[in-house]
Amino acid sequence: MDLVLWALTMGLALVVGLSVLLVSGVIYAVFTDSVLPADIQGPGKLRLIYGVQLAIGTLGNIIQNLGFRTHIAAVRYLRRKALRLSLKKEAGLVTQDVRFDGVPVRVYQPPLADTGKSRGVLYFHGGGWVFGSINEYDHLCRYVARETGSVVVSVEYRLAPEHRYPTQFEDCLKATLHFMRNAANYGVDDTRIVVSGDSAGGNLTAAVCLRVTDLEETTGLPPLRAQVMIYPALQTVDFSLPSYQQNQLVPLLFRTRMIFFYLQYLNGDLSVAEEVLKGQHLSVQLKTKYRSWISADLIPDDFKARGYSPSPLLAHEEDVFNIIQPSLEPTFSPLLASDAAVKKLPPAYILTCEFDVLRDDGLLFKKRLEDNGVPVTWYHLPDGFHGIVSFFDNGYLTFPSGKRAVDNIIAFLKDI
(Lines give C-alpha, C1' and ligand atoms only; values in the text may rest on other atoms or scores of the structure.)
Protein backbone atom coordinates (compact mmCIF):
# COMPACT_ATOMS: atom_id res chain seq x y z
CA MET A 1 0.00 0.00 0.00
CA ASP A 2 2.82 2.38 0.84
CA LEU A 3 4.40 1.61 -2.53
CA VAL A 4 1.17 2.45 -4.36
CA LEU A 5 0.83 5.71 -2.43
CA TRP A 6 4.43 6.57 -3.18
CA ALA A 7 3.92 5.85 -6.89
CA LEU A 8 0.77 8.00 -6.99
CA THR A 9 2.55 10.81 -5.16
CA MET A 10 5.51 10.68 -7.50
CA GLY A 11 3.23 10.56 -10.53
CA LEU A 12 1.30 13.60 -9.31
CA ALA A 13 4.55 15.43 -8.56
CA LEU A 14 5.78 14.64 -12.06
CA VAL A 15 2.58 15.94 -13.66
CA VAL A 16 2.69 19.11 -11.56
CA GLY A 17 6.37 19.61 -12.33
CA LEU A 18 5.88 19.18 -16.06
CA SER A 19 2.89 21.52 -15.98
CA VAL A 20 4.91 24.18 -14.18
CA LEU A 21 7.73 23.80 -16.71
CA LEU A 22 5.29 24.01 -19.61
CA VAL A 23 3.55 27.11 -18.27
CA SER A 24 6.86 28.77 -17.37
CA GLY A 25 8.28 28.00 -20.80
CA VAL A 26 5.20 29.34 -22.55
CA ILE A 27 5.19 32.56 -20.50
CA TYR A 28 8.89 33.07 -21.22
CA ALA A 29 8.40 32.47 -24.94
CA VAL A 30 5.36 34.74 -25.17
CA PHE A 31 7.35 37.67 -23.78
CA THR A 32 10.68 36.98 -25.53
CA ASP A 33 9.87 35.43 -28.93
CA SER A 34 7.14 37.84 -30.02
CA VAL A 35 6.67 41.58 -30.44
CA LEU A 36 3.43 43.42 -29.76
CA PRO A 37 3.41 46.94 -31.28
CA ALA A 38 2.08 49.74 -29.09
CA ASP A 39 -1.01 50.35 -31.23
CA ILE A 40 -2.16 46.74 -31.58
CA GLN A 41 -5.58 45.98 -30.15
CA GLY A 42 -5.94 44.00 -26.93
CA PRO A 43 -2.28 43.12 -26.29
CA GLY A 44 -3.08 41.25 -23.07
CA LYS A 45 -5.74 39.11 -24.70
CA LEU A 46 -3.53 38.54 -27.72
CA ARG A 47 -0.68 37.33 -25.49
CA LEU A 48 -3.09 34.89 -23.87
CA ILE A 49 -4.22 33.52 -27.25
CA TYR A 50 -0.63 33.24 -28.42
CA GLY A 51 0.28 31.49 -25.17
CA VAL A 52 -2.42 28.89 -25.74
CA GLN A 53 -1.15 28.48 -29.31
CA LEU A 54 2.38 27.92 -28.02
CA ALA A 55 1.24 25.48 -25.36
CA ILE A 56 -0.63 23.41 -27.93
CA GLY A 57 2.42 23.43 -30.19
CA THR A 58 4.68 22.34 -27.33
CA LEU A 59 2.32 19.53 -26.34
CA GLY A 60 2.20 18.51 -29.98
CA ASN A 61 5.99 18.16 -29.97
CA ILE A 62 5.85 16.05 -26.80
CA ILE A 63 3.19 13.77 -28.30
CA GLN A 64 5.25 13.38 -31.46
CA ASN A 65 8.43 12.60 -29.51
CA LEU A 66 6.53 9.94 -27.58
CA GLY A 67 5.60 8.36 -30.89
CA PHE A 68 1.82 8.69 -30.60
CA ARG A 69 1.08 11.09 -33.47
CA THR A 70 2.85 13.44 -35.84
CA HIS A 71 3.19 17.01 -34.60
CA ILE A 72 0.58 18.35 -37.02
CA ALA A 73 -1.91 15.58 -36.22
CA ALA A 74 -1.37 16.15 -32.50
CA VAL A 75 -1.91 19.90 -32.82
CA ARG A 76 -5.12 19.34 -34.78
CA TYR A 77 -6.35 16.98 -32.05
CA LEU A 78 -5.46 19.42 -29.26
CA ARG A 79 -7.07 22.33 -31.10
CA ARG A 80 -10.32 20.37 -31.31
CA LYS A 81 -10.17 19.58 -27.61
CA ALA A 82 -9.24 23.15 -26.63
CA LEU A 83 -12.10 24.64 -28.63
CA ARG A 84 -14.72 22.22 -27.28
CA LEU A 85 -17.00 23.25 -30.07
CA SER A 86 -20.72 22.81 -29.62
CA LEU A 87 -22.61 23.20 -32.88
CA LYS A 88 -25.85 24.84 -31.79
CA LYS A 89 -29.02 24.73 -33.79
CA GLU A 90 -30.59 28.14 -34.18
CA ALA A 91 -34.22 28.96 -34.82
CA GLY A 92 -34.81 29.67 -38.48
CA LEU A 93 -31.39 28.42 -39.59
CA VAL A 94 -31.09 24.92 -41.06
CA THR A 95 -27.68 23.28 -41.44
CA GLN A 96 -26.75 20.11 -43.24
CA ASP A 97 -23.48 18.32 -43.91
CA VAL A 98 -23.42 17.05 -47.49
CA ARG A 99 -20.99 16.55 -50.35
CA PHE A 100 -20.62 18.75 -53.40
CA ASP A 101 -19.03 16.68 -56.17
CA GLY A 102 -17.40 14.52 -53.49
CA VAL A 103 -16.19 17.46 -51.35
CA PRO A 104 -17.59 17.68 -47.79
CA VAL A 105 -19.43 20.95 -47.12
CA ARG A 106 -21.75 22.38 -44.50
CA VAL A 107 -24.73 24.31 -45.86
CA TYR A 108 -26.39 27.00 -43.74
CA GLN A 109 -29.87 27.93 -44.95
CA PRO A 110 -31.90 30.81 -43.51
CA PRO A 111 -35.59 31.21 -44.35
CA LEU A 112 -36.15 32.05 -48.02
CA ALA A 113 -36.51 35.79 -48.49
CA ASP A 114 -39.98 37.07 -49.40
CA THR A 115 -38.47 38.75 -52.44
CA GLY A 116 -37.41 35.44 -53.94
CA LYS A 117 -34.09 33.68 -54.22
CA SER A 118 -31.23 34.65 -51.91
CA ARG A 119 -27.52 35.18 -52.47
CA GLY A 120 -25.08 32.32 -51.98
CA VAL A 121 -21.75 32.61 -50.15
CA LEU A 122 -19.02 29.98 -50.35
CA TYR A 123 -16.50 30.14 -47.51
CA PHE A 124 -12.98 28.66 -47.53
CA HIS A 125 -11.49 28.59 -44.05
CA GLY A 126 -7.99 29.67 -43.05
CA GLY A 127 -5.27 27.69 -41.30
CA GLY A 128 -2.32 27.70 -43.69
CA TRP A 129 -3.75 24.82 -45.77
CA VAL A 130 -2.65 22.65 -42.81
CA PHE A 131 -5.09 23.45 -40.00
CA GLY A 132 -8.67 24.66 -39.73
CA SER A 133 -12.03 23.04 -40.39
CA ILE A 134 -15.67 23.85 -40.99
CA ASN A 135 -16.25 23.24 -37.26
CA GLU A 136 -13.76 25.95 -36.29
CA TYR A 137 -15.57 28.41 -38.56
CA ASP A 138 -19.09 27.30 -37.71
CA HIS A 139 -19.87 30.34 -35.56
CA LEU A 140 -18.70 32.80 -38.22
CA CYS A 141 -20.63 31.08 -41.01
CA ARG A 142 -23.79 30.95 -38.90
CA TYR A 143 -23.46 34.65 -38.19
CA VAL A 144 -23.01 35.52 -41.86
CA ALA A 145 -25.99 33.38 -42.89
CA ARG A 146 -28.23 34.81 -40.18
CA GLU A 147 -27.27 38.48 -40.61
CA THR A 148 -27.28 38.56 -44.42
CA GLY A 149 -30.03 36.06 -45.19
CA SER A 150 -27.57 34.22 -47.42
CA VAL A 151 -27.16 30.52 -48.03
CA VAL A 152 -23.61 29.91 -46.81
CA VAL A 153 -21.56 26.91 -47.91
CA SER A 154 -18.48 26.17 -45.79
CA VAL A 155 -16.03 23.91 -47.61
CA GLU A 156 -14.06 21.16 -45.82
CA TYR A 157 -11.18 20.95 -48.29
CA ARG A 158 -8.42 18.41 -47.67
CA LEU A 159 -5.32 19.53 -45.78
CA ALA A 160 -1.54 19.27 -46.01
CA PRO A 161 0.69 17.41 -45.37
CA GLU A 162 -1.61 14.51 -46.25
CA HIS A 163 -2.63 16.35 -49.41
CA ARG A 164 -0.53 18.86 -51.35
CA TYR A 165 -1.23 21.54 -53.93
CA PRO A 166 -3.37 21.58 -56.01
CA THR A 167 -5.69 19.35 -53.93
CA GLN A 168 -7.01 22.17 -51.71
CA PHE A 169 -7.59 24.40 -54.71
CA GLU A 170 -9.28 21.63 -56.68
CA ASP A 171 -11.59 20.76 -53.76
CA CYS A 172 -12.70 24.38 -53.48
CA LEU A 173 -13.14 24.66 -57.25
CA LYS A 174 -15.26 21.50 -57.38
CA ALA A 175 -17.49 22.69 -54.53
CA THR A 176 -17.88 26.11 -56.15
CA LEU A 177 -18.84 24.78 -59.58
CA HIS A 178 -21.28 22.30 -58.05
CA PHE A 179 -22.96 25.06 -56.05
CA MET A 180 -23.16 27.31 -59.10
CA ARG A 181 -24.77 24.53 -61.16
CA ASN A 182 -27.23 23.58 -58.41
CA ALA A 183 -27.95 26.98 -56.88
CA ALA A 184 -31.68 26.71 -57.53
CA ASN A 185 -31.88 23.60 -55.32
CA TYR A 186 -30.89 25.79 -52.36
CA GLY A 187 -33.07 28.76 -53.19
CA VAL A 188 -30.07 30.73 -54.47
CA ASP A 189 -29.96 33.15 -57.37
CA ASP A 190 -27.04 31.89 -59.49
CA THR A 191 -26.17 35.47 -60.48
CA ARG A 192 -25.55 36.38 -56.81
CA ILE A 193 -22.92 33.86 -55.74
CA VAL A 194 -19.92 35.12 -53.75
CA VAL A 195 -16.67 33.28 -53.03
CA SER A 196 -14.90 34.17 -49.78
CA GLY A 197 -12.21 33.09 -47.33
CA ASP A 198 -9.57 34.20 -44.86
CA SER A 199 -5.77 33.81 -45.00
CA ALA A 200 -5.14 30.54 -46.89
CA GLY A 201 -8.85 30.63 -47.69
CA GLY A 202 -8.33 34.08 -49.19
CA ASN A 203 -5.68 32.56 -51.42
CA LEU A 204 -8.10 29.82 -52.47
CA THR A 205 -10.79 32.44 -53.09
CA ALA A 206 -8.62 34.33 -55.57
CA ALA A 207 -7.42 31.11 -57.21
CA VAL A 208 -10.95 29.76 -57.65
CA CYS A 209 -12.14 33.06 -59.14
CA LEU A 210 -9.27 32.99 -61.65
CA ARG A 211 -10.19 29.49 -62.77
CA VAL A 212 -13.97 30.02 -62.80
CA THR A 213 -13.61 33.07 -65.06
CA ASP A 214 -11.53 30.92 -67.42
CA LEU A 215 -14.28 28.33 -67.50
CA GLU A 216 -17.25 30.66 -67.96
CA GLU A 217 -17.43 30.24 -71.73
CA THR A 218 -17.35 26.43 -71.57
CA THR A 219 -19.65 25.97 -68.55
CA GLY A 220 -22.30 28.48 -69.58
CA LEU A 221 -22.59 29.56 -65.94
CA PRO A 222 -23.18 33.17 -64.89
CA PRO A 223 -20.06 34.94 -63.57
CA LEU A 224 -19.37 35.02 -59.86
CA ARG A 225 -20.84 38.14 -58.29
CA ALA A 226 -17.94 38.99 -55.96
CA GLN A 227 -14.90 37.71 -54.11
CA VAL A 228 -14.26 38.46 -50.43
CA MET A 229 -10.66 38.08 -49.27
CA ILE A 230 -9.79 38.45 -45.59
CA TYR A 231 -6.04 39.04 -45.08
CA PRO A 232 -5.22 36.77 -48.04
CA ALA A 233 -1.87 35.06 -48.75
CA LEU A 234 -1.23 35.74 -52.42
CA GLN A 235 2.43 35.33 -53.39
CA THR A 236 5.70 33.51 -52.73
CA VAL A 237 7.96 35.93 -54.60
CA ASP A 238 8.96 38.39 -51.86
CA PHE A 239 9.02 37.73 -48.12
CA SER A 240 10.80 41.02 -47.45
CA LEU A 241 7.96 43.39 -48.23
CA PRO A 242 7.41 46.09 -45.58
CA SER A 243 4.67 44.15 -43.80
CA TYR A 244 6.84 41.03 -43.62
CA GLN A 245 9.67 43.05 -42.09
CA GLN A 246 7.56 45.12 -39.70
CA ASN A 247 5.40 42.26 -38.43
CA GLN A 248 7.74 39.29 -38.64
CA LEU A 249 7.39 38.55 -34.90
CA VAL A 250 3.82 39.75 -34.35
CA PRO A 251 1.35 37.04 -33.31
CA LEU A 252 -0.56 35.20 -34.55
CA LEU A 253 1.40 34.68 -37.77
CA PHE A 254 5.18 34.99 -37.89
CA ARG A 255 7.12 35.47 -41.11
CA THR A 256 8.88 32.10 -40.80
CA ARG A 257 5.57 30.41 -40.05
CA MET A 258 4.08 31.72 -43.28
CA ILE A 259 6.93 30.18 -45.25
CA PHE A 260 6.37 26.90 -43.37
CA PHE A 261 2.71 26.92 -44.44
CA TYR A 262 3.51 27.73 -48.07
CA LEU A 263 6.05 24.90 -48.29
CA GLN A 264 3.72 22.42 -46.59
CA TYR A 265 1.03 23.32 -49.09
CA LEU A 266 3.44 23.08 -52.03
CA ASN A 267 5.39 19.86 -51.46
CA GLY A 268 6.53 19.64 -47.83
CA ASP A 269 10.21 20.27 -48.61
CA LEU A 270 11.20 22.48 -45.65
CA SER A 271 14.90 22.17 -46.49
CA VAL A 272 14.62 25.26 -48.70
CA ALA A 273 12.95 27.49 -46.09
CA GLU A 274 16.10 29.49 -45.32
CA GLU A 275 16.79 30.21 -49.00
CA VAL A 276 13.17 31.26 -49.53
CA LEU A 277 13.37 33.52 -46.49
CA LYS A 278 16.50 35.21 -47.88
CA GLY A 279 15.03 35.55 -51.38
CA GLN A 280 17.42 33.07 -52.98
CA HIS A 281 14.67 30.97 -54.53
CA LEU A 282 14.15 33.13 -57.64
CA SER A 283 16.57 34.42 -60.24
CA VAL A 284 17.30 38.13 -60.51
CA GLN A 285 15.62 38.05 -63.91
CA LEU A 286 12.37 36.67 -62.49
CA LYS A 287 12.41 39.09 -59.56
CA THR A 288 12.88 41.96 -61.98
CA LYS A 289 10.04 40.64 -64.14
CA TYR A 290 7.65 40.50 -61.19
CA ARG A 291 8.59 43.94 -59.80
CA SER A 292 5.78 45.57 -61.76
CA TRP A 293 3.33 43.51 -59.67
CA ILE A 294 5.16 42.70 -56.42
CA SER A 295 7.42 45.39 -55.01
CA ALA A 296 7.72 47.63 -51.97
CA ASP A 297 7.69 50.53 -54.44
CA LEU A 298 4.01 49.81 -55.04
CA ILE A 299 3.13 50.03 -51.34
CA PRO A 300 1.92 53.48 -50.19
CA ASP A 301 4.50 55.33 -48.10
CA ASP A 302 2.17 55.47 -45.08
CA PHE A 303 2.64 51.72 -44.69
CA LYS A 304 6.43 52.07 -44.55
CA ALA A 305 6.41 54.53 -41.67
CA ARG A 306 7.25 51.84 -39.10
CA GLY A 307 10.42 51.04 -40.99
CA TYR A 308 11.52 49.25 -44.11
CA SER A 309 14.91 48.29 -45.57
CA PRO A 310 15.11 47.27 -49.24
CA SER A 311 16.56 43.80 -49.69
CA PRO A 312 19.40 43.18 -52.17
CA LEU A 313 18.71 41.03 -55.23
CA LEU A 314 20.67 37.94 -54.26
CA ALA A 315 21.67 35.26 -56.75
CA HIS A 316 19.39 32.26 -56.64
CA GLU A 317 20.14 28.57 -56.23
CA GLU A 318 18.89 26.48 -59.15
CA ASP A 319 18.05 23.45 -56.99
CA VAL A 320 15.89 25.61 -54.75
CA PHE A 321 14.12 27.18 -57.72
CA ASN A 322 13.28 23.75 -59.13
CA ILE A 323 11.63 22.83 -55.84
CA ILE A 324 9.52 25.96 -55.51
CA GLN A 325 8.76 26.59 -59.20
CA PRO A 326 5.14 25.32 -59.04
CA SER A 327 4.42 28.03 -56.46
CA LEU A 328 4.66 30.57 -59.29
CA GLU A 329 1.46 29.26 -60.88
CA PRO A 330 -1.38 31.80 -60.57
CA THR A 331 -3.57 29.26 -58.77
CA PHE A 332 -0.88 29.11 -56.07
CA SER A 333 0.25 32.77 -56.18
CA PRO A 334 -2.74 34.73 -57.57
CA LEU A 335 -0.72 37.96 -57.67
CA LEU A 336 1.18 36.42 -60.60
CA ALA A 337 -1.91 36.11 -62.80
CA SER A 338 -1.71 37.94 -66.13
CA ASP A 339 -3.39 41.30 -66.60
CA ALA A 340 -5.77 39.64 -69.05
CA ALA A 341 -6.86 37.18 -66.35
CA VAL A 342 -7.12 39.84 -63.63
CA LYS A 343 -9.35 42.02 -65.83
CA LYS A 344 -11.98 39.27 -65.88
CA LEU A 345 -12.19 38.86 -62.09
CA PRO A 346 -15.39 39.77 -60.21
CA PRO A 347 -15.60 42.82 -57.92
CA ALA A 348 -13.55 42.33 -54.77
CA TYR A 349 -13.70 43.04 -51.07
CA ILE A 350 -10.28 42.99 -49.38
CA LEU A 351 -9.64 43.21 -45.64
CA THR A 352 -6.14 44.02 -44.40
CA CYS A 353 -4.67 44.41 -40.93
CA GLU A 354 -1.83 46.75 -40.06
CA PHE A 355 0.01 44.25 -37.84
CA ASP A 356 -0.07 41.30 -40.23
CA VAL A 357 2.73 39.93 -42.41
CA LEU A 358 0.16 39.45 -45.19
CA ARG A 359 -0.97 43.08 -45.18
CA ASP A 360 1.00 44.00 -48.28
CA ASP A 361 -0.25 41.00 -50.27
CA GLY A 362 -3.73 42.49 -49.88
CA LEU A 363 -2.54 45.99 -50.76
CA LEU A 364 -0.75 44.76 -53.88
CA PHE A 365 -3.75 42.77 -55.08
CA LYS A 366 -5.98 45.78 -54.45
CA LYS A 367 -3.73 47.83 -56.73
CA ARG A 368 -3.61 45.14 -59.44
CA LEU A 369 -7.38 44.84 -59.48
CA GLU A 370 -7.90 48.59 -59.59
CA ASP A 371 -5.26 49.03 -62.30
CA ASN A 372 -7.20 46.52 -64.39
CA GLY A 373 -10.58 48.15 -63.88
CA VAL A 374 -11.97 45.72 -61.27
CA PRO A 375 -14.01 47.45 -58.52
CA VAL A 376 -12.50 46.99 -55.05
CA THR A 377 -13.97 47.64 -51.61
CA TRP A 378 -11.08 47.88 -49.15
CA TYR A 379 -11.34 47.82 -45.37
CA HIS A 380 -8.23 48.25 -43.24
CA LEU A 381 -7.89 47.67 -39.50
CA PRO A 382 -5.13 50.01 -38.24
CA ASP A 383 -4.98 48.10 -34.94
CA GLY A 384 -5.69 44.64 -36.32
CA PHE A 385 -3.58 41.48 -36.40
CA HIS A 386 -3.71 38.29 -38.44
CA GLY A 387 -6.64 36.13 -37.39
CA ILE A 388 -8.62 38.87 -35.64
CA VAL A 389 -11.84 38.07 -37.50
CA SER A 390 -11.93 34.67 -35.78
CA PHE A 391 -12.37 36.54 -32.48
CA PHE A 392 -15.33 38.69 -33.46
CA ASP A 393 -17.62 37.17 -30.81
CA ASN A 394 -15.68 35.08 -28.28
CA GLY A 395 -16.66 36.34 -24.85
CA TYR A 396 -13.62 37.70 -23.01
CA LEU A 397 -11.47 37.03 -26.08
CA THR A 398 -13.59 39.24 -28.33
CA PHE A 399 -11.76 42.00 -30.19
CA PRO A 400 -13.95 45.00 -31.17
CA SER A 401 -12.02 45.50 -34.42
CA GLY A 402 -12.76 41.90 -35.40
CA LYS A 403 -16.47 42.55 -34.84
CA ARG A 404 -16.31 45.78 -36.86
CA ALA A 405 -14.59 43.93 -39.69
CA VAL A 406 -17.19 41.16 -39.78
CA ASP A 407 -20.03 43.69 -39.73
CA ASN A 408 -18.35 45.61 -42.55
CA ILE A 409 -18.25 42.40 -44.59
CA ILE A 410 -21.92 41.83 -43.73
CA ALA A 411 -22.75 45.30 -45.06
CA PHE A 412 -20.83 44.56 -48.28
CA LEU A 413 -22.73 41.30 -48.80
CA LYS A 414 -26.10 42.91 -48.14
CA ASP A 415 -25.53 45.23 -51.10
CA ILE A 416 -25.17 42.26 -53.47
Side-chain angles (χ1 to χ4, degrees), residues 41-42 90 92-93 107-126 137-154 176 179 183 186-199 201-202 204-206 208-209 222-232 345-354 356 358-359 361-363 365-367 369-370 373-394 398-416:
Q41 187 169 106
E90 300 177 33
L93 188 64
V107 182
Y108 303 80
Q109 286 185 276
L112 185 64
D114 294 336
T115 55
K117 293 181 178 179
S118 64
R119 77 183 62 77
V121 179
L122 288 124
Y123 195 85
F124 310 141
H125 66 76
Y137 282 77
D138 184 76
H139 186 44
L140 175 61
C141 290
R142 286 179 182 276
Y143 186 79
V144 171
R146 186 177 68 246
E147 294 299 314
T148 66
S150 304
V151 174
V152 176
V153 177
S154 185
T176 300
F179 188 48
Y186 295 92
V188 169
D189 180 349
D190 63 4
T191 67
R192 299 171 66 203
I193 293 178
V194 179
V195 180
S196 62
D198 68 296
S199 193
L204 294 167
T205 295
V208 165
C209 286
L224 290 167
R225 179 63 183 83
Q227 53 182 326
V228 175
M229 291 164 286
I230 302 169
Y231 31 76
L345 288 174
Y349 176 103
I350 299 176
L351 172 72
T352 56
C353 293
E354 177 62 28
D356 178 9
L358 297 178
R359 180 198 69 200
D361 281 22
L363 294 178
F365 202 47
K366 170 181 177 289
K367 185 178 189 311
L369 290 165
E370 290 173 339
V374 179
V376 178
T377 299
W378 173 52
Y379 191 69
H380 181 68
L381 296 180
D383 58 356
F385 56 87
H386 191 85
I388 196 170
V389 164
S390 295
F391 303 95
F392 80 100
D393 186 17
N394 291 68
T398 294
F399 290 80
S401 284
K403 180 64 163 59
R404 286 197 301 272
V406 172
D407 287 341
N408 190 263
I409 294 169
I410 297 294
F412 174 81
L413 292 173
K414 284 182 174 179
D415 285 340
I416 293 175

Enquirer: Determine whether a donor-acceptor pair (N or O, by modelled atom type, separation under 3.5 Å) exists between the side chain of Gln41 and the backbone of Ser401.
Expert: yes
Enquirer: At their closest point, which heavy atom of Pro232 faces which heavy atom of Leu358, and how far apart are they?
Expert: O-CB, 3.7 Å
Enquirer: Please check this pair: side chain of Glu354 against backbone of His380, looking for a donor-acceptor N/O pair closer than 3.5 Å.
Expert: no
Enquirer: Classify the side-chain pair Arg359/Thr352 by whether it contains a donor and acceptor separated by less than 3.5 Å.
Expert: no
Enquirer: How close do Leu369 and Ala348 get, heavy atom to heavy atom, and via which atoms?
Expert: CD1-CB, 3.7 Å
Enquirer: Quick check: do Pro223 and Pro346 have side-chain heavy atoms less than 4.5 Å from each other?
Expert: no
Enquirer: Spell out, as yes or no, whether a donor-acceptor pair under 3.5 Å connects the side chain of Thr205 to the backbone of Met229.
Expert: no
Enquirer: Would you call Phe385 and Cys353 a side-chain contact if the rule is heavy atoms closer than 4.5 Å?
Expert: no
Enquirer: Would you say the side chain of Val151 lies within less than 4.5 Å of the side chain of Pro110, judging by non-hydrogen atoms?
Expert: yes
Enquirer: Start with the C-alpha gap between Tyr108 and Ser150, add the side-chain angles, then the distance that decides, and say whether side chain to side chain contact (heavy atoms under 4.5 Å, CB included) holds.
Expert: CA-CA 8 Å; Tyr108 303 80; Ser150 304; over 6 Å; no
Enquirer: Drop me the distance from Lys403's NZ to Thr398's OG1, to the nearest 0.5 angstrom.
Expert: 9.5 Å
Enquirer: Parallel, tilted or perpendicular: which describes the rings of Phe399 and Phe391, with under 30° parallel and over 60° perpendicular?
Expert: perpendicular
Enquirer: Flag the pair Phe124 / Thr176 as yes when at least one side-chain heavy-atom distance between them is below 4.5 Å, and no otherwise.
Expert: yes
Enquirer: Heavy-atom distance under 4.5 Å between the side chains of Val144 and Tyr123, does that happen here?
Expert: no
Enquirer: Test your reading of the model: is there a side-chain donor-acceptor pair from Arg225 to the backbone of Ile416, 3.5 Å cut-off?
Expert: no
Enquirer: How many angstroms lie between OH in Tyr143 and CG in Leu93, if you round to the nearest 0.5 Å?
Expert: 13.5 Å
Enquirer: Just by distance, do the side chain of Asp198 and the backbone of Gly126 share a donor-acceptor pair under 3.5 Å?
Expert: yes
Enquirer: With side chain to side chain contact (heavy atoms under 4.5 Å, CB included) as the test, would you mind laying out the steps for Val195 and Phe179 before giving the verdict?
Expert: CA-CA 11 Å; Val195 180; Phe179 188 48; over 6 Å; no
Enquirer: Taking side-chain contact (heavy atoms from CB on, under 4.5 Å) as the test, write out the residues that go with Ala405, two or more places apart.
Expert: Leu351, Tyr379, Leu381, Val389
Enquirer: Where do Cys209 and Gln227 come nearest, in terms of heavy atoms and distance?
Expert: SG-CB, 3.6 Å
Enquirer: I'd like to check Val152 versus Tyr137 (side-chain heavy atoms, cut-off strictly below 4.5 Å). Are they in contact?
Expert: no
Enquirer: Please round to the nearest 0.5 Å and tell me the distance separating atom CG of Leu140 and atom NE2 of His125.
Expert: 12.5 Å
Enquirer: When rounded to the nearest 0.5 angstrom, what is the spacing between OH in Tyr349 and CG in Leu413?
Expert: 9.0 Å
Enquirer: Within this structure, what is the CG-CG distance for the pair Asp190 and Leu224, rounded to the nearest 0.5 Å?
Expert: 10.5 Å
Enquirer: Show the nearest heavy-atom pair for residues His139 and Asp393, with the distance to one decimal.
Expert: NE2-OD2, 3.2 Å
Enquirer: Mind checking the CG-CD1 spacing from Asp383 to Ile388? Nearest 0.5 Å is all I need.
Expert: 6.0 Å
Enquirer: Tell me the closest heavy-atom pair linking His386 and Ser199, and the distance in Å.
Expert: NE2-OG, 3.0 Å
Enquirer: Does any part of the side chain of Ile230, heavy atoms only, come nearer than 4.5 Å to the side chain of Ile409, both counted from C-beta?
Expert: yes
Enquirer: Counting distance only, does the side-chain N/O of Ser196 pair as donor-acceptor with the main-chain N or O of Leu122 below 3.5 Å?
Expert: yes
